Amino acid sequence: MASLKRTVVIGAGVAGLTTALQLAKTGKYDITVVAKFTPGDYDIEYTSPWAGANWMCFSVDEYSEAGRFDVETYKVFKKMLVEHPEAGIWHRKCICYTREKDLEKNSEILGPLINKRPWFSKYVDNFEELSSEDLPAGIAHGFRYDSFCLNIQIYLPWLQSQCTMNGVKFKQCVLKHIKEAKSHHLSGEPAELIVNCTGLMACKLGGVMDSKLYPGRGQVVLVRNVVPAMYEVSGTDDADDELTYIMSRPGGGTVLGGCFQPNNWNPIPDPNMTRRIVRRCLEICPDLEKEGPIDIIRAHVGLRPVRVGGARLELDTSFEDLCPVIHNYGAGGAGYQSSYGMADTVVSIIEKHCI
């Protein structure tokens with residue numbers, strides 16, 4: 001019987017944990033996850049705990065890698081609803097509105113969400129266009145479909161526990177250079193594979209220093225108020241880099257958003273933006289205050305790991321005297337909704353080139 005391949009996964013965000021889990025399930029790898037932060041930690045460098053975490057596809061088309069990752073992950077989330085009700089994933093209707101003033105808009109952020117019938121309509125359950133009677137004032141068209149929202153306070157620890165149940169071990173430490181990962185496998189022997197899931201911090205990791213990565217700053221407001229669905233609107237009148245969306249997480253409050261501010265590293269929430277976010281969300285969904293006035297838990301900021309040209313998902317053989325390195329980072333705001341599609345691609349790359 002062949003020995004398990006010693007593997008180090010760098011990073012314990014949603015990408016690193018999902019990749020470690022999918023590798024572990026094959027039964028071919030002895031995995032150590034090496035990370036500065038793990039579930040339960042909060043730091044601006046650690047993006048996953050700050051995310052809204054839902055499935056709301058904004059990939060440009062079904063033939064793109066990103067589109068394929070989203071579709072594959074949708075299938076997994078749907079299956080997990082039945083098989084793992086404890087994971088913190090809930091079914092939610094997603095309602096998307098396109099404003100009349102945005103009809104000619106070409107949004108790189110929202111992509112197909114402003115189309116009347118987006119490409120992903122054939123891959124999701126119960127897609128339907130909204131009738132004119134269902135549209136708020138100023139909305140040209142809209143649609144709804146069955147989607148998912150994740151409570152990350154439940155999901156990330158659950159994901160780590162699944163890794164542990166499948167034999168994955170964890171080590172918290174700080175790496176200055178990717179080559180250091182080779183010596184951190186908990187067997188005490190050198191790693192034979194390294195998977196880099198460092199997200200935005202890949203732009204600062206020695207040996208990688210990816211200049212194509214940049215932060216897409218997002219600010220959201222977490223409230224105790226609940227609504228029965230998720231909502232997204234095509235634009236705002238406040239600023240080009242501000243957004244309107246609502247993500248209801250049963251048992252975990254409701255996330256109100258937001259913004260997308262490229263190359264902004266500021267971790268401090270802007271109180272004026274908080275007020276604008278709440279106002280916009282109430283305009284599109286007055287039911288937020290159906291059971292009482294807005295009750296804010298907190299406003300917070302997360303930095304999406306955006307990469308020019310899309311996520312980096314590839315084998316890297318450029319290092320001398322180092323085992324094969326596979327990169328999996330740069331999913332931007334799609335980290336959760338593409339997580340299983342990207343992780344399974346890592347498994348395929350390794351089995352094709354490294355086994």
Side-chain angles (χ1 to χ4, degrees), residues 12-26 39 48-59 62 66-96 112-113 118-128 143-166 168 220 222 224-232 245-257 285 287 331 333-347:
V14 66
L17 294 174
T18 309
T19 300
L21 178 59
Q22 297 304 90
L23 283 169
K25 284 180 177 179
T26 69
S48 292
W50 305 112
N54 69 343
W55 197 97
M56 189 182 289
C57 183
F58 41 83
S59 302
E62 63 185 298
R68 177 171 60 84
F69 299 151
D70 286 357
V71 170
E72 291 305 310
T73 304
Y74 186 96
K75 295 175 184 176
V76 176
F77 284 168
K78 182 178 177 180
K79 188 176 181 182
M80 289 173 67
L81 278 177
V82 177
E83 297 182 357
H84 294 286
E86 77 284 1
I89 301 176
W90 282 274
H91 166 261
R92 275 288 178 263
K93 282 288 183 185
C94 186
I95 301 171
C96 298
L113 292 177
W119 66 264
F120 61 79
S121 60
K122 62 184 177 182
Y123 295 104
V124 297
D125 293 334
N126 298 314
F127 180 93
E128 59 179 340
F143 56 82
R144 60 180 161 231
Y145 60 94
D146 289 353
S147 188
F148 312 97
C149 195
L150 288 68
N151 185 338
I152 50 179
Q153 293 172 319
I154 297 173
Y155 183 70
L156 280 179
W158 177 86
L159 200 52
Q160 185 178 23
S161 72
Q162 291 297 298
C163 287
T164 302
M165 288 172 58
N166 282 273
V168 177
V220 299
L222 183 63
R224 294 183 177 88
N225 310 65
V226 295
V227 288
M230 299 188 296
Y231 300 82
E232 178 275 329
Y245 55 84
I246 300 172
M247 302 177 189
S248 178
R249 303 191 302 199
T254 297
V255 176
L256 311 180
C285 183
D287 280 351
Y336 283 86
Q337 71 186 40
S338 66
S339 55
Y340 285 93
M342 294 181 72
D344 287 342
T345 300
V346 170
V347 176

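All values derive from a computational prediction rather than experimental measurement.
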*Asks:* Strictly under 6.0 Å, is that where the ring centroids of Y145 and F120 end up?
*Replies:* yes
*Asks:* In the structure I gave you, are the side-chain heavy atoms of R92 and N54 within less than 4.5 Å of one another anywhere?
*Replies:*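 The answer is no; the side chains never approach within 4.5 Å.
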*Asks:* Could you measure the distance from the CE atom of M230 to the OG atom of S147? Nearest 0.5 Å is fine.
*Replies:*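 Taking CE in M230 and OG in S147, the distance rounds to 3.5 Å.
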*Asks:* Tell me if a side-chain donor or acceptor on S338 pairs with a main-chain N or O of F69 at a distance below 3.5 Å.
*Replies:* no
*Asks:* Are any side-chain N or O atoms of W55 and backbone N or O atoms of T73, one a donor and one an acceptor, separated by less than 3.5 Å?
*Replies:*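 No, W55 side chain to T73 backbone: no donor-acceptor pair under 3.5 Å.
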*Asks:* Just by distance, do the side chain of Y123 and the backbone of K75 share a donor-acceptor pair under 3.5 Å?
*Replies:* no
*Asks:* Kindly compute the distance separating SG (C94) from CZ (F148), expressed to the nearest 0.5 Å.
*Replies:* 11.0 Å
*Asks:* Output, in order, the C-alpha distance, side-chain angles, deciding distance and verdict of side-chain contact (heavy atoms from CB on, under 4.5 Å) for N126 and K93.
*Replies:* CA-CA 9 Å; N126 298 314; K93 282 288 183 185; 3.7 Å; yes
*Asks:* Under a 4.5 Å cut-off applied to non-hydrogen side-chain atoms, are D125 and K78 in contact?
*Replies:*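 The answer is yes, as the side chains (C-beta and beyond) meet within the 4.5 Å cut-off.
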*Asks:* Can you name the nearest heavy-atom pair linking T18 to L159, along with the distance?
*Replies:* OG1-CD2, 3.5 Å
*Asks:* Got a second to check how far E128's CD is from I95's CD1, nearest 0.5 Å?
*Replies:*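 E128 CD to I95 CD1: 9.5 Å, rounded to 0.5 Å.
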*Asks:* With a 4.5 Å heavy-atom cut-off, do R249 and V255 have their side chains touching?
*Replies:* yes
*Asks:* Taking side chain as C-beta onward, heavy atoms only, is E72 less than 4.5 Å from T345?
*Replies:* no
*Asks:* Within a strict 4.5 Å, meaning less than it, do heavy atoms of the Q22 and Y340 side chains meet?
*Replies:* yes
*Asks:* Using atom types as modelled and distance alone, determine if a side-chain donor or acceptor of S121 lies under 3.5 Å from a backbone N or O of F127.
*Replies:*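 Between the backbone of F127 and the side chain of S121 there is no qualifying donor-acceptor contact (under 3.5 Å).
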*Asks:* Taking the side chain as every heavy atom from C-beta outward, state whether W50 and I152 have any pair of such atoms under 4.5 Å apart.
*Replies:*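 With C-beta onward as the side chain, the pair stays apart.
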*Asks:* Would you say the side-chain atoms of Y336 pair up with the backbone N or O of S48, donor to acceptor, closer than 3.5 Å?
*Replies:* yes
*Asks:* Would one find more than 12 heavy atoms of other residues, nucleotides or ligands at under 6.0 Å from atom NZ of K79?
*Replies:* no
*Asks:* Using every non-hydrogen atom in the two residues, find where V124 and D146 come nearest and quote the distance to one decimal.
*Replies:* CB-O, 4.2 Å
*Asks:* How about Y74 and F77: do any of their side-chain heavy atoms sit closer than 4.5 Å?
*Replies:* no
*Asks:* So, for S248 and V227, which heavy atoms are closest and what is the spacing to 0.1 Å?
*Replies:* OG-O, 2.9 Å
*Asks:* Rounded to the nearest 0.5 Å, what's the gap from CG on N225 to CG on D287? Could you check?
*Replies:* 11.0 Å
*Asks:* Looking at every non-hydrogen atom in both residues, tell me the closest pair between V168 and A20 and how far apart they are.
*Replies:*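 Smallest heavy-atom distance, with atoms named: CG2-O, 4.0 Å.
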*Asks:* Under the 3.5 angstrom rule, does the side chain of Q337 hit a backbone N or O of M56 as a donor-acceptor pair?
*Replies:*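 Checking the backbone N and O of M56 against the side chain of Q337, a donor-acceptor pair under 3.5 Å is found.
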*Asks:* Which heavy atom in A53 sits nearest to a heavy atom in M247, and how many Å separate them?
*Replies:* N-SD, 4.2 Å
*Asks:* Quick check against the 3.5 Å criterion: does T164 have a side-chain atom that pairs as donor or acceptor with the backbone of Q160?
*Replies:*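 Such a contact is found between T164 side chain and Q160 backbone.
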*Asks:* Could you go step by step and tell me if M80 and W158 meet the side-chain contact (heavy atoms from CB on, under 4.5 Å) rule?
*Replies:* CA-CA 12 Å; M80 289 173 67; W158 177 86; 3.5 Å; yes
*Asks:* May I ask you to decide if G16's main-chain N or O and T19's side chain share a donor-acceptor pair within less than 3.5 Å?
*Replies:* no
*Asks:* Side-chain contact test, heavy atoms from C-beta onward, threshold under 4.5 Å: evaluate it for L256 versus T254 and give yes or no.
*Replies:* yes
*Asks:* Of the non-hydrogen atoms in L17 and P39, which two are nearest, and what is the gap between them?
*Replies:*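 Here L17 and P39 meet closest at CD1-CG, 3.8 Å.
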